[in-house]
Amino acid sequence: MNTASITRREFLAAAAALAAAPLLGTPAIARAASPHVLPPLPYGDAALEPVISARTIGFHYGKHHKAYVDNLNKLVAGTDMAEMSLEKIILATAGVPEKAGVFNNAAQVWNHTFYWSSMKPRGGGKPTGALAEKIDAAFGGYDALRKELTAAAGGQFGSGWAWLVMEGGKLKVVKTGNAENPLARGMKPLLTIDVWEHAYYLDYQNRRGDYVNAVLDKLINWDFAAENLTRA
Ligand SMILES: [Fe+2]
């Protein structure tokens, strides 16, 4: 660990936080001195209304996501993971019982950042281009993919995530429990839907299916999935 690099990182993190926060109307990033920083939302707090309220975003991003970042920074401070990237921490701690706390917080930081980009204002509809071709090849069409995604999201018992992933050159739908994510299983995520109750309870109470359908119809960001596909 060297003082000069920490100082530079602190500066860059603080500069990024200051540049992004006022523009997006998101909370200022409080722990600029730590290695991991709450990334700015890709849109304003109210941009996903009426599907997801600004109130839900305020708690989900401003409290839950931020808490995972803060917890992770506390857990890795002074350890051999203090200088590791988020992805490296996830891979190094997945399936290691004594590192479960670090894994859970690191994976939840990554999962939420990925989730925010999996949605956009005026999203939804059907994917096109190379992604649509891959969907046709793997599922037989968008409608079948949609059925699998809603089944995965609805069928995840308790907290977790529904994902579209690439594995071995083929698209798949998978669900994961709690903080688990497909990176740790060697899969390449293309998009995700958060089905923890904190993602929808203020707006939909127990109606998880209504939340998932509304996200797929109005918010899902196929451009993001297509970009991830090119990196797969
Ligand atoms: Fe969440």
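We count ligands from 1, going down the list as the structure has it; atoms in each ligand are counted the same way.
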### Task
Any chance you could lay out the side chain to side chain contact (heavy atoms under 4.5 Å, CB included) test for Thr93 and Met81, step after step, and finish with the verdict?
CA-CA 10 Å; Thr93 56; Met81 289 182 281; 3.7 Å; yes
### Query
Asn105 and Gln108: side-chain donor and acceptor closer than 3.5 Å?
no
### Query
Would you call the rings of Trp116 and His60 parallel, tilted or perpendicular if under 30° counts as parallel and over 60° as perpendicular?
perpendicular
### Task
Examine Trp161 together with His112 and report whether their ring centres are nearer than 6.0 Å.
yes
#### Entry: Within-2.8 Å protein N/O/S contacts of the Fe ion (ligand 1)
His60 NE2, His112 NE2, Asp194 OD2, His198 NE2
### Query
Only one of Phe114, Tyr200, Tyr211 clears side chain to side chain contact (heavy atoms under 4.5 Å, CB included) with Asp194; which?
Tyr211
### Message
Between Trp196 and Gln156, do the side chains contain a donor N or O and an acceptor N or O under 3.5 Å apart?
### Response
no
